[in-house]
Amino acid sequence: MNVELAPVVTLRNGAKMPLLGLGTWPMENAEAAEVVETALDMGYRLIDTAENYGNEPGVGTAIKRSAVPREEIFVTTKFNKQWHSYDGVEEAFEASARRLGVEYIDLLMVHWPVPEQDRYVDAVAGMAKLLADGRIRAIGVSNFKPTHLRRLFDSGLVPEVNQIQLDPLHTRPDIVALHREHGIVTEAWGPLGRGGALLQDPTITALAEKHGRTPAQIVLRWHTLVGNVAIPKSSHPDRLAENLAIFDFVLGREELDALSALNAGDEGLLDADIFGH
Ligand code: NDP
């Protein structure tokens, strides 16, 4: 098998994470099994799932069926608020690992901080023992805002990755600056704008025309050049291939800045102080 792989970013603890991966929400198990296997064949090596998506078994089926060795795949999943405690995290890990049929998980994430419950600091602390004994390769959080991250820092905890909703219309500069300061990798969910108006934006379509690429490729190249890991979801083989085929061209500084300047702020995004599971 001779496929082009995405470049990797080295996390603070030395683990290597592909810059581009596959999102699997809202695939059901049968679809996830098929699409993830296709994606692995094409060269995807980062797969994103979650307890909450209900498709970890399907993702696991694909990993088992695939000719790609387990250790070449970066498997990421997330757990719900009921496991936000020092010991609960271990149960969450065991349940996800069993559903996925894997011995270890590359990146385990607190899916949402759920501040009203106020137990996310314990959850991150609990992941340290999973990291120490090799059951996970990196500690992650998701949808954490600066206030939530600072609570972790105050307890001496720094996750390797924070997966947040981010695209050129929502560049989240306050969170990204804090990530940079602490060596946290920014992983973008909804990187293509979740099927919204993003891919019709005139700045993006003009760059697509100029480079002979699709709008999705321009947006994904922007993510990976400004330092984000991106996990676009597609269930279609042609789009899976399109979304991965971005590492043979670059955007210039001014082009990247023009895309970043599309930022319209956080309005309309899910607010992790209110929403979460
Ligand atoms: P995306 O920005 O990845 O957009 C997905 C949509 O874009 C789908 O409708 C897909 O349709 C379409 N699409 C994919 N590729 C192309 C293309 N090349 N051209 C045009 N349209 C395209 O949004 P998601 O919300 O799916 O986010 C990605 C992943 O992030 C999720 O799958 C999930 O793994 C994760 N996520 C994490 C959350 C969190 O709380 N941490 C919350 C939500 C998502 P089609 O499938 O038909 O190709």
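For this chain, numbers begin at 1 and follow the sequence in order. Note that ligands are numbered from 1 as they come in the structure, with each ligand's atoms numbered from 1 the same way.
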**Report entry** Set of salt bridge (Lys or Arg N to Asp or Glu O under 4.0 Å) partners for Arg151, sequence neighbours left out
**Finding:** Asp118
Query - Polar side-chain atom of Ser66 near backbone of Leu40 as donor-acceptor pair, under 3.5 Å - result: no
Report task. Go through the side-chain N and O atoms of His223 and Asp167 and say whether any donor and acceptor fall under 3.5 Å apart. Result -> no
Could you pull out all donor-acceptor pairs under 3.5 Å where a side-chain atom in residues 29-37 meets a protein atom, sequence neighbours excluded?
{"residue": "Asn29", "atom": "OD1", "partner": "Gly58", "partner atom": "N", "Å": "2.8"}
{"residue": "Asn29", "atom": "ND2", "partner": "Gly54", "partner atom": "O", "Å": "3.2"}
{"residue": "Glu31", "atom": "OE2", "partner": "Ser235", "partner atom": "OG", "Å": "2.6"}

Query raised in the report: Mind checking whether Phe144 and Tyr120 have ring centres under 6.0 Å apart?
Result: yes
Report task. Identify, with sequence neighbours excluded, every residue that meets salt bridge (Lys or Arg N to Asp or Glu O under 4.0 Å) alongside Glu72. Result -> none
List, for ligand 1, each N/O atom that has a protein N/O partner under 3.5 Å away, with both atom names and the distance.
{"residue": "ligand 1", "atom": "2 (O)", "partner": "Gly190", "partner atom": "O", "Å": "3.4"}
{"residue": "ligand 1", "atom": "2 (O)", "partner": "Pro191", "partner atom": "N", "Å": "3.2"}
{"residue": "ligand 1", "atom": "2 (O)", "partner": "Leu192", "partner atom": "N", "Å": "2.7"}
{"residue": "ligand 1", "atom": "2 (O)", "partner": "Gly193", "partner atom": "N", "Å": "3.3"}
{"residue": "ligand 1", "atom": "2 (O)", "partner": "Arg194", "partner atom": "N", "Å": "3.0"}
{"residue": "ligand 1", "atom": "3 (O)", "partner": "Lys233", "partner atom": "N", "Å": "3.0"}
{"residue": "ligand 1", "atom": "11 (O)", "partner": "Arg239", "partner atom": "NH1", "Å": "3.3"}
{"residue": "ligand 1", "atom": "15 (N)", "partner": "Asn243", "partner atom": "ND2", "Å": "3.0"}
{"residue": "ligand 1", "atom": "18 (N)", "partner": "Glu242", "partner atom": "OE2", "Å": "3.0"}
{"residue": "ligand 1", "atom": "18 (N)", "partner": "Asn243", "partner atom": "OD1", "Å": "2.9"}
{"residue": "ligand 1", "atom": "25 (O)", "partner": "Arg194", "partner atom": "NE", "Å": "2.7"}
{"residue": "ligand 1", "atom": "25 (O)", "partner": "Arg194", "partner atom": "NH2", "Å": "3.1"}
{"residue": "ligand 1", "atom": "27 (O)", "partner": "Gly190", "partner atom": "N", "Å": "3.0"}
{"residue": "ligand 1", "atom": "32 (O)", "partner": "Thr24", "partner atom": "N", "Å": "3.2"}
{"residue": "ligand 1", "atom": "32 (O)", "partner": "Trp25", "partner atom": "N", "Å": "3.1"}
{"residue": "ligand 1", "atom": "32 (O)", "partner": "Trp25", "partner atom": "O", "Å": "3.1"}
{"residue": "ligand 1", "atom": "34 (O)", "partner": "Thr24", "partner atom": "N", "Å": "3.2"}
{"residue": "ligand 1", "atom": "34 (O)", "partner": "Asp48", "partner atom": "OD2", "Å": "2.7"}
{"residue": "ligand 1", "atom": "36 (N)", "partner": "Tyr53", "partner atom": "OH", "Å": "3.2"}
{"residue": "ligand 1", "atom": "40 (O)", "partner": "His111", "partner atom": "NE2", "Å": "3.2"}
{"residue": "ligand 1", "atom": "40 (O)", "partner": "Asn143", "partner atom": "ND2", "Å": "2.8"}
{"residue": "ligand 1", "atom": "41 (N)", "partner": "Ser142", "partner atom": "OG", "Å": "2.8"}
{"residue": "ligand 1", "atom": "41 (N)", "partner": "Gln163", "partner atom": "OE1", "Å": "2.8"}
{"residue": "ligand 1", "atom": "46 (O)", "partner": "Lys233", "partner atom": "NZ", "Å": "2.6"}
{"residue": "ligand 1", "atom": "46 (O)", "partner": "Ser235", "partner atom": "N", "Å": "3.0"}
{"residue": "ligand 1", "atom": "47 (O)", "partner": "His236", "partner atom": "ND1", "Å": "3.1"}
{"residue": "ligand 1", "atom": "47 (O)", "partner": "Arg239", "partner atom": "NH1", "Å": "3.3"}
{"residue": "ligand 1", "atom": "48 (O)", "partner": "Ser234", "partner atom": "OG", "Å": "2.6"}
{"residue": "ligand 1", "atom": "48 (O)", "partner": "His236", "partner atom": "ND1", "Å": "3.2"}
{"residue": "ligand 1", "atom": "48 (O)", "partner": "Arg239", "partner atom": "NH1", "Å": "2.8"}

